[in-house]
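To find a chain, count down the sequence lines: A is the first, B the second, and so on, and within it residues start at 1.
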Amino acid sequence: MMPGMDTQPFAQIEPKWQAYWEKHKTFRVTEDPAVPRERRAYVLDMFPYPSSAGLHVGHPEGYTATDIYCRYLRANGYRVLHPMGFDSFGLPAENYAIKTGTHPRASTEANIGRFRTQIKALGFSYDWDREISTHDPRYYRWTQWIFLKCWEKGLAYEAVVPINFCPSCKTGLANEEVKDGACERCGTQVVRKDVRQWLMRITSYAERLLADLDKVDWPESLKLMQRNWIGRSVGANVLFPLAAGEGSIEVFTTRPDTLFGATYMVLAPEHPLVERLTTAGQQGAVSAYVELARRKSDLERTDLAKDKTGVFTGGYAINPVNEQKIPVWVSDYILISYGTGAIMAVPAHDQRDFEFAVKFDLPIVQVVSRDGKPAAGQMTQADAEEGVAVNSGQFDGLPTEEFKKRITAWLERGKLGRRAVNYKLRDWVFSRQRYWGEPIPLVHCDQCGTVPVPYEELPLLLPEVASYQPTGTGESPLAAITDWVNTRCPKCGGAGRRETNTMPQWAGSCWYYLRYLDPANDRALAARDKVDYWMPVDLYVGGAEHAVLHLLYARFWHKVLYDIGAVNTDEPFRRLVNQGMILGEGGVKMSKSLGNVINPEEVIREFGADAMRLYEMFMGPLEVSKPWSTQGIAGVKRFLDRVWRLSELPAAAGAPPAELERLLHRTIKKVGEDTRTLQFNTAIAQMMIYITELAKEEKLHPALWKPFVLLLAPYAPHLGEELWEKLGEKPSVAFQAYPQCNEELTREETREIVFQINGKVRARLELAAGLSASELEKQALAHPRIQELLAGQKPVKVIAVPDRLVNLVVRG
RNA sequence: GCGAGAGUGGUGGAACUGGCAGACACGCCAGACUUAGGAUCUGGUGCCCGAUUCAGGGUAUAAGGGUUCGAGUCCCUUCUCUCGCACCA
């Protein structure tokens, strides 16, 4: 048989309609002030990094979901902004350049070309006039502009700090980029290294980043990840005077109520007071320990179940609540980067302190009790629960919460301490010692210090280099270009040196959603009226792997932009949905090494883009991970072929059968609701049910067919256009009004009522819908099978649920 | 270890505020059409027992318990898996 006779000719249809959309700019969108706010929607996909591997099947999943949703919104009268672009700065292109000498721009732009072609082959309704790439100087001009704004506000600062350094990528990494002690990108163990860095003061936004999570409609699990990452904790900073000489040790504690149980103190090895406190006798041991700790990697220091180590400094401090002299130790279980880098140790109520105390035979004093009485005998582990104070002098008997308030007030009165809030969140290590990124637009001048490149001179172009090889010395390959590095100070005109670090990949992706609003603007990152027209993003779809990276950084920058009046809202993304991962066949992760990677290009060639789209949506709920199945996509293609064959049937005259009309309206209702709520899998199932029934007819009723084509079009847009045209209609189907369901017709006339005895189904009966409970009960008792089984017994209880069931309860 | 989420046929998954478990699809089985089929169509398909065709019955949502006329759904305990954090004082 001729191919194409009984299957949809997707190989012809799909390029045909893609060319049509492109030629007519069908999905170009402009700002029409006549469209009211509630009829506008900004639907955003996380833009891809254009890797050399080409599109992955995971990309089309989220893109298809938003595309269906956008097409649904347009059919329902919305003006929809739906753009796409490329996150095109980044390490892989640079590593490729090191290997082959190809300029990262050349390989990146080739990859972008391939990505664009692949994305277009899936028939997404993007407004391609708004496409952006973060490596484009017209784009990164504004990334640099935002950086300078941050610098002006004191949010970007330079420091030599010990940071996570990837020896393979030869660059510093942000905390967020380290997973299990390894570089997130390449898996190499990171080391601690002192490098001159640019940092972003994200910590000064910690409180707002935390509080404003309550304003957005995001998955709870993701909000929780951000909350935990920010890690706010409330307590007190307390001063412990040194026993000898001036000064004191400041500690942070969340449990000031346990102050009476503080029996020793511990300083981080890097703590500035270590040297002063160390006595002559302990000098050797302390120096050796500090040196050892310095050389340990972060992973070794934070190793899971390792034994606690430490040394006594020989020095003492005074516990301010009871004037007791307590020893000061040094240990690497205290981190210099959190709190004050020093703690009061309360071994009775903190497991870490307990282990340390047991190991070094330090006193353990219980100061909290669950029942208000001190425990008899030795404690075998720390008890971190709240309770009632004991062994705490005048405070005995106070419950933990109350004690915290009182002691904090007491400390404040005595100038011995004050309430304090701490965050786990660290400032964002922002500079990279690499080539392929935005140059940081600053000049170092001996006279004037750090001077910004004037705004009107932006973009500061990324210069060409002879070698992309990272130096590993803390300088980027840019440092080797002397005629670029050596420049004039913009302020005094004297000799200056350019900053040679570049920005991290996250910089460009921090604000790309704003550039789509006004991609060609050369006077502002986006005109404020366009920002006001579209922002905030109504729906943002992408993977969960960006929970504490892109999504945290973007929120941070957005708030900075909000503070300087560049945007209209304090949060960028009103609603966020994480798509699940698509796994390989068999439920394992897709990877080159396993050889189970599915190539979208091949899938499209074999099954068509519509089938690919439909299948990815039919696999299961958008949010969950699910395995790919080639047989599964074949099934979905069968459905599309069946639809095609139906379209080839001759038209029927006269009114369609009433039952099919009812099914049509139930289908309109179900598909519409499920599309609106992103439950695409069940919407597709309903379309399948409908087509199965329609296929039983000899001829095709236009009244049953036309609305179906409109339901299908958002899911299979190429076939949708083609079927619309076959109906004698003019393209495009994309802006046709969505079918309306007749509620009257969605209601069933009859319902199958289940008759149960003691909860077990014993009979079924088709009855008119809407019968009352008492009528149902009568029907149940009159049913012959029920009468037979009851054998004259009277039910002790009858539960009748209208339109559903009757349950007869017999005997007790 | 802590935090979050999830466990439903051979497989992916359905199931509204507790109300017929397994929609839809894959796979499999049988039949039709066919020179052929990764084609199409029809029927069947959780498991167990039973009935030669029409019956029918039992059992079942990770395991165990509880609430209820009724539990995949609510509560408790246990187990498994996935994700996040990991000495954050």
- Task: Determine the interatomic distance between C1' on B/G19 and the same-named atom on B/G72; round to the nearest Å.
- Result: 13 Å

- Task: Could you give the distance separating B/G1 and B/G66 at their P atoms, to the nearest angstrom?
- Result: 29 Å

- Note on the structure: From CG of A/N164 across to P of B/A86 the rounded distance in Å is 10 Å

- What interatomic distance, in whole Å, is found between P of B/C74 and the corresponding atom of B/G5? 12 Å

- Passing option when A/T258 is tested against A/T400, A/V368, A/D353 for side chain to side chain contact (heavy atoms under 4.5 Å, CB included): A/V368

- Looking only at atom P, what distance separates B/U61 and B/U11, rounded to whole Å? 15 Å

- Item | A/K797 vs B/C69: side-chain N/O to OP1/OP2 distance below 4.0 Å | yes

- Quote, to the nearest angstrom, the P distance that separates B/A25 from B/G46. 15 Å

- Message: Categorize A/S337 for me: base, sugar-phosphate, or nothing, with a 4.0 angstrom heavy-atom threshold over every strand shown.
- Response: nothing

- Here the gap from A/Y423 atom OH to A/L209 atom CG, rounded to the nearest 0.5 Å, amounts to 10.0 Å

Could you tabulate the donor-acceptor pairs under 3.5 Å formed by side-chain atoms of residues 758-771 of chain A, not counting sequence neighbours?
from   : atom 1 : to     : atom 2 : distance (Å)
A/N758 : OD1    : A/V810 : N      : 3.0
A/E766 : OE2    : A/T750 : OG1    : 2.7

- Query: Reckon A/F607 touches a base, only the sugar-phosphate, or nothing at all at heavy-atom distances under 4.0 Å?
  - Reply: base

- B/C49 versus B/A30 - spacing of their C1' atoms, nearest Å: 23 Å

- Think A/R645 has a side-chain N or O under 4.0 angstrom from the OP1 or OP2 of B/A39? no

- Query: What distance do A/I334 atom CD1 and A/H271 atom NE2 have between them, rounded to the nearest 0.5 Å?
  - Reply: 10.5 Å

- What is the distance from CD1 of A/I633 to C1' of B/G27, rounded to the nearest Å? 17 Å

- Take atom CG of A/D350 and atom P of B/C2, then tell me their distance rounded to the nearest Å. 15 Å

- Task: Under the salt bridge (charged side-chain N to carboxylate O under 4.0 Å, His left out) rule, collect the residues that match up with A/K778, sequence neighbours excluded.
- Result: A/E775

- Item | Set of residues satisfying ring pair (Phe, Tyr, Trp, His ring centres under 6.0 Å) with respect to A/Y289, sequence neighbours excluded | none

- Item | Partners passing ring pair (Phe, Tyr, Trp, His ring centres under 6.0 Å) against A/W229 (at least two apart in sequence or in another chain) | none

- What interatomic distance, in whole Å, is found between P of B/G10 and the corresponding atom of B/C2? 34 Å

- Message: Give me the distance, rounded to whole Å, that separates B/U67 from B/G12 when you measure between the C1' atoms they each carry.
- Response: 34 Å

- Base B/C85 paired with A/K424 side chain (donor-acceptor, <3.5 Å): no

- Sugar-phosphate, base or nothing in reach of A/R426, heavy atoms under 4.0 Å: base

- Message: For a quick check of understanding: with a heavy-atom distance under 4.0 Å over all strands, which category does A/E606 fall into, base, sugar-phosphate or nothing?
- Response: base

- Task: Report which part of the nucleic acid A/K760 touches: base, sugar-phosphate, or nothing (heavy-atom distance under 4.0 Å, all strands).
- Result: sugar-phosphate

- Using a heavy-atom distance cut-off of less than 4.0 Å, which residues of residues 766-779 of chain A contact RNA chain B? none

- Task: Look up atom CD1 in A/I582 and atom CD1 in A/I598, then write down how far apart they are to the nearest 0.5 Å.
- Result: 10.0 Å

- Measure from NZ or CZ of A/K308 to the centre of the six-membered ring of A/Y333 and say whether it is under 6.0 Å with the direction within 45° of the ring axis. yes

- Query: Atom CG of A/N175 and atom P of B/C85: how far apart are they, to the nearest Å?
  - Reply: 11 Å

- For the atom pair CE (A/M344) and CG (A/D350), what is the distance rounded to the nearest 0.5 Å? 9.5 Å

- Quickly work out the A/I757 CD1 to B/G70 P distance and round it to whole Å. 15 Å

- Output the distance between atom CG (A/L210) and atom CD (A/Q226), rounded to the nearest 0.5 Å. 9.5 Å

- When all nucleic acid strands are considered with a 4.0 Å heavy-atom cut-off, which category describes A/I334: base, sugar-phosphate, or nothing? base

- For A/C741 and A/T746, the nearest pair of non-hydrogen atoms, with its separation, is SG-CG2, 4.1 Å

- A/F360 vs A/W329 aromatic rings, parallel, tilted or perpendicular, using cut-offs 30° and 60°? tilted

- Parallel, tilted or perpendicular: which fits the ring planes of A/F403 and A/F260, with parallel below 30° and perpendicular above 60°? tilted

- Would you please confirm or rule out a distance under 4.0 Å between OP1 or OP2 of B/U42 and any side-chain N or O of A/K696? no

- Message: Counting primed atoms plus P, OP1 and OP2 as sugar-phosphate and everything else as base, spell out the protein contacts along nucleotides 14-22 of chain B at 4.0 Å heavy-atom distance: B, S or - for each nucleotide, 5' to 3'.
- Response: S-B--BB--

- Query: Tell me the salt bridge (Lys or Arg N to Asp or Glu O under 4.0 Å) pairs involving residues 797-807 of chain A, sequence neighbours left out?
  - Reply: none

- Note on the structure: Applying ring pair (Phe, Tyr, Trp, His ring centres under 6.0 Å) to A/F618 and not counting sequence neighbours gives none

- Query: Does A/K179 make a side-chain N or O approach to OP1 or OP2 of B/C85 shorter than 4.0 Å?
  - Reply: yes

- Value for CD1 (A/I326) from CG (A/L362), rounded to nearest 0.5 Å, stands at 10.0 Å

Between the protein and nucleotides 24-26 of chain B, list the N/O to N/O atom pairs that are separated by less than 3.5 angstrom.
from  : atom 1 : to     : atom 2 : distance (Å)
B/C26 : OP1    : A/R638 : NE     : 3.1
B/C26 : OP1    : A/R638 : NH2    : 2.8

- Note on the structure: The complete set of salt bridge (Lys or Arg N to Asp or Glu O under 4.0 Å) pairs with one or both residues in residues 326-344 of chain A, sequence neighbours excluded, reads A/K296-A/D332, A/K306-A/D332

- Query: Between atom CD in A/E788 and atom C1' in B/G56, what is the gap in whole Å?
  - Reply: 11 Å

- Could you state the atom-to-atom distance from CZ of A/F252 to P of B/C87 in whole Å? 17 Å

- Query: Which part of the nucleic acid does A/T630 contact within heavy-atom distance under 4.0 Å: base, sugar-phosphate only, or nothing?
  - Reply: nothing

- Query: Is the glycosidic angle of B/G5 within 90° of 0, making it syn, or outside that range, making it anti?
  - Reply: anti

- Could you walk me through whether A/E184 and A/L549 pass the side-chain contact (heavy atoms from CB on, under 4.5 Å) test, one step at a time? CA-CA 11 Å; A/E184 186 203 36; A/L549 288 158; 3.2 Å; yes

- Query: What integer distance in Å separates A/L789:CG from B/G56:C1'?
  - Reply: 11 Å

- Query: Which letter, B, S or -, goes with each nucleotide of nucleotides 3-8 of chain B from 5' to 3', with contact meaning a protein heavy atom under 4.0 Å?
  - Reply: SS----

- Message: Using a 4.0 Å heavy-atom cut-off, does A/R762 contact any base of the nucleic acid, only the sugar-phosphate backbone, or nothing at all?
- Response: sugar-phosphate

- Per the 3.5 Å Watson-Crick/G-U criterion and a run length of at least three, the stems involving RNA chain B are B:1-7 with B:79-85, B:10-12 with B:24-26, B:27-32 with B:40-45, B:46-49 with B:56-59, B:62-66 with B:74-78

